[in-house]
Each structure stands twice: as structure tokens, then as C-alpha cells.
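Worksheet for the structure shown next.
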Amino acid sequence: EEGMNAQDLGKLLHREPAEIVKKLFMLGIMTNQNQSLSKDTIELLAAEYGIESKEKVHEDISDIDNLYEHEMEVSKKSQNLVKRPPVVTIMGHVDHGKTTLLDRLRNTNVSAHEAGGITQKIGAYQVKLDDRLITFLDTPGHAAFSNMRARGAEVTDIVVLVVAADDGVMPQTVEAIDHAKSAGVPIIVAVNKIDKPGANPDHVMEQLMKYGLVPEDWGGDTIFVKISAKSGENVDDLLQMILLQADMMELQADPNQKAIGTVIEARLSKGRGPVADVLVQQGTLNIGDPIVIGDTFGRVRVMTNDKGRRVKKATPSTPVEITGLSDVPEAADKLVVFEDEKTARSVGEQRARNSLEKQRENTQHVTLDNLFDTM
Ligand code: GDP
Ligand code: MG
């Protein structure tokens, strides 16, 4: 495209024109923002940004947030939508029973027939009730939820707010309500510890009215379930109510489109290299899929479900542990699938370079010397 200059390319690539000029300088091409560039130069630059350039630079495929959003939009218009399991985060004040509830759900879910009978720690797990699945994120607490949201990851469909019936509404209860509300995520209240002598569930319900959480019996639309996470009393009712809430929300996904997902946790394993726990959100993730996650890339090598079983594919709302990545991604990083490994690699490498560059720009002034170091 004769006539295009660094400003035009900056717009197309969502970069500052100055960055384009600098990039070209590093490639040995001197230009300014207004000077028109040759076709060869544009192609060179496109390759540098990980774009398979034809005649024109259409969009920046290294912008995986954009690709992720695109697939989200695709799913909204899809004709092949099926119900998907709800994804639930448990929140509440310290010591009100979040971990106890998560443990109970995890253990009741593991049937005696299950190999080993042990649920893997993969950042999330699924519970089955009447042949329907519910996905629980295994990190209670508000920091994880906030961190995900701060990074634009919206994985939670429903918040279960745990409030101890012998303690009532406490500061972190209110904080949890604020988090859920600002995320636009519906709350189901689990009034916990009803087995305790001092338990007063009605008092909790009264207290919560002040925060707009009014039980259906009292004319509101919030679901309350009185449970004991310790004894397991009414925990099945809670699951039932989560499914009811999910039905009202009509949570759906298209299992046939390209998979997108979000990292829940990631780590470096001595024997297996980078390992990421990913929640698949749309589409189906398959063994061998070329992927980019955050600034890392690879092919899905081994995929393991929450029961520790190897699986070949993962459908929407399924958490899986995957290996095969070039590096360890971060929690809340997005996963997208590419047509081929070569593209995934070039996008991943480009993103890693961009991050590194951004880090350097933030930590030091660019001098000619360190500019050449980045090459
Ligand atoms: P978290 O801080 O919200 O994760 O709370 P924990 O799950 O660690 O629970 C705090 C304490 O409350 C532990 O000693 C639990 O055994 C106890 N606990 C949790 N749920 C119940 C319950 O339903 N009944 C009783 N009696 N104790 C509970
Ligand atoms: Mg806990």
C-alpha cells in the first residue's frame, strides 16, 4: 500500500506512531511519522507484529483480547447454542465457612467409583447434581475475584455469599456484596452454620435487606439457603438453587466454535514444564490445538480434568489443566486458539517481546545503547 505512513499503520495496529517509527528504526529503516512507506517496509513491519501480511494490514492478530471478544460475539449470534454449566465463586467474611463448603462440595462430588477418589487441585472443579454440572472456582476470597476483574476477566456467573448464622453480616460480607454488584453477578446467599447453638438465620436475612438482598418469601428476588457446610445439611438444596439461578440466566455456549478461555492459575512444574489451569468459556478445546495464552504460546499437549483424568477435549465451563506452553502465563490471561502453530508461535513471541519492551520502557529511559539491547 503505497502512501501509508507510520501514523496510518499505528492506527491499524493500535500502536503509537512513535512506536512504529522506533520499530522501523530498529529494523534499520529511518523514517518519520508522515513519510510514506514502501510495500516491502509495511510487510516487514507486519511480520514484526506477527501478522501474515497480504496486501493490507487488516487487523492486529496479536491483539488476543480482541480475538477473545470476537469469539464471545460469535457465540452470542450462534445458532448452535447449548446450555452450559454455571461458574460459581464463593465469597464471604473470614471464618464464615467458605473453605469448609468448598471442601464438602469437592468431596461429596468424588464418588467411590472414581479412580483414586481424589479430586485434583486444578483451581476449579465440577459438581454433578441430577446429571447437571456446576463449576466452582476453588479460590475463595475477594482478591482473586478482584484481580480477575481488574484484568478484564469475567468468568463468574454466580456468587455464593456465605454468611455465618452465628456471626451475621461482617465487613467482608459487605465487601463481597459490593464486588458482586459492581460485576453485575447475581448473589445466592448461603446462611451457614445453622447447626450451631447460637445460629440466628433470620437475623442474617434481616441484616442483608439493608444491602438489597431480600428473600423471595419476603417479597424480594434473592435466593437464600440455610446450610451447614460442616454437616452437609441442605447443601444439595444450595446446588439445586444454583441450577435454578443458572436456568433463569439462560447460560449458553456454542461448543463448535473456536475455543476461548481464561487462566485460573498457572505454575511451573519440575517434570512437566509450564502448567495452566484454564476455564474453557466458549467452544471446545482439543489436544493439539495451537494456542496463545497471555504472552505464552504452544500446543495443548496433555489435558487433565478435575478428577485427574486425561481428556482429549474440554467443552464450555469445563476447567482443565494443560501443558505444552512456552512459558508460565498469569492468572486472568486469556486463551485463544489459532489455525496453525506457526501463527500461534509468532503471535506469542510478538506479545512476549511487546511486554518486555513495555517493561523496559517503564523502568528506564530509552537510550541508543539499551535500544539496541532490545533487538
Ligand atoms: P473461611 O475462612 O470462610 O474459609 O472459613 P472456614 O471454612 O475455614 O471455617 C471456619 C471455621 O468454621 C472452621 O473451624 C470450620 O470448621 C467452621 N465451620 C464452617 N462451616 C461450619 C458449619 O456449617 N457449622 C459449624 N459448626 N462450623 C462450621
Ligand atoms: Mg478459607
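Read the numbers this way: they start at 1 and go in the same order the structure lists the ligands and their atoms. This structure is a prediction, so every number in the text was calculated from the model and none was measured.
Within ligand 1, counting atoms from 1 as listed, the ones closer than 4.0 Å to a heavy atom of Val94 are 2 (O). Of all atoms in ligand 1, numbered sequentially from 1 with element shown, those under 4.0 Å from a heavy atom of Ser228 are 22 (C), 23 (O), 24 (N). Near His93, meaning under 4.0 Å from any of its heavy atoms, are these atoms of ligand 1: 3 (O). For ligand 1, the atoms lying closer than 4.0 Å to a non-hydrogen atom of Lys196 are 26 (N).
With a 4.0 Å heavy-atom cut-off, ligand 1 is reached by the backbone of Thr100 and by its side chain too. With a 4.0 Å cut-off on non-hydrogen atoms, Thr99 touches ligand 1 through its backbone as well as its side chain. The proximity of His96 to ligand 1, defined as any non-hydrogen pair under 4.0 Å, is limited to the backbone.
Salt bridge status for Asp247 with Lys83: present, with a side-chain N to carboxylate O gap under 4.0 Å. One finds no salt bridge joining Lys358 and Glu19 here, because no Lys/Arg side-chain nitrogen approaches an Asp/Glu carboxylate oxygen to under 4.0 Å. Salt bridge Lys334/Asp65: present, at least one basic N to carboxylate O contact under 4.0 Å.
Taking all heavy atoms of Asp167, Asn192, Ile194, Asp95 into account, the minimum distance to atom 2 (O) of ligand 1 is reached by Asp95.
Within the 4.5 Å cutoff, no side-chain heavy atoms of Leu27 are placed close to those of Thr41.
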Indicate every side-chain donor-acceptor pair of residues 152-166 with a distance under 3.5 Å to a residue at least two apart or in another chain.
{"residue": "Thr156", "atom": "OG1", "partner": "Thr89", "partner atom": "OG1", "Å": "2.7"}
{"residue": "Asp157", "atom": "OD1", "partner": "Arg84", "partner atom": "NH2", "Å": "3.0"}
{"residue": "Asp157", "atom": "OD2", "partner": "Arg84", "partner atom": "NH1", "Å": "2.8"}
{"residue": "Asp157", "atom": "OD2", "partner": "Val87", "partner atom": "N", "Å": "2.8"}
{"residue": "Asp166", "atom": "OD2", "partner": "Lys196", "partner atom": "NZ", "Å": "3.0"}

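With 2.8 Å as the limit, Thr100 does not count as an N, O or S neighbour of the Mg ion (ligand 2).
Linking ILVMFWY residues whenever their side-chain heavy atoms come closer than 4.5 Å, directly or via other members, places Val311 and Val337 in the same cluster.
Residue Leu101 has no nitrogen or oxygen atom sitting less than 3.5 Å from a nitrogen or oxygen atom of ligand 1, judged on distance alone.
Applying the side-chain contact (heavy atoms from CB on, under 4.5 Å) rule to Ser146 yields the partners His179; only residues at least two apart in sequence or on another chain are considered.
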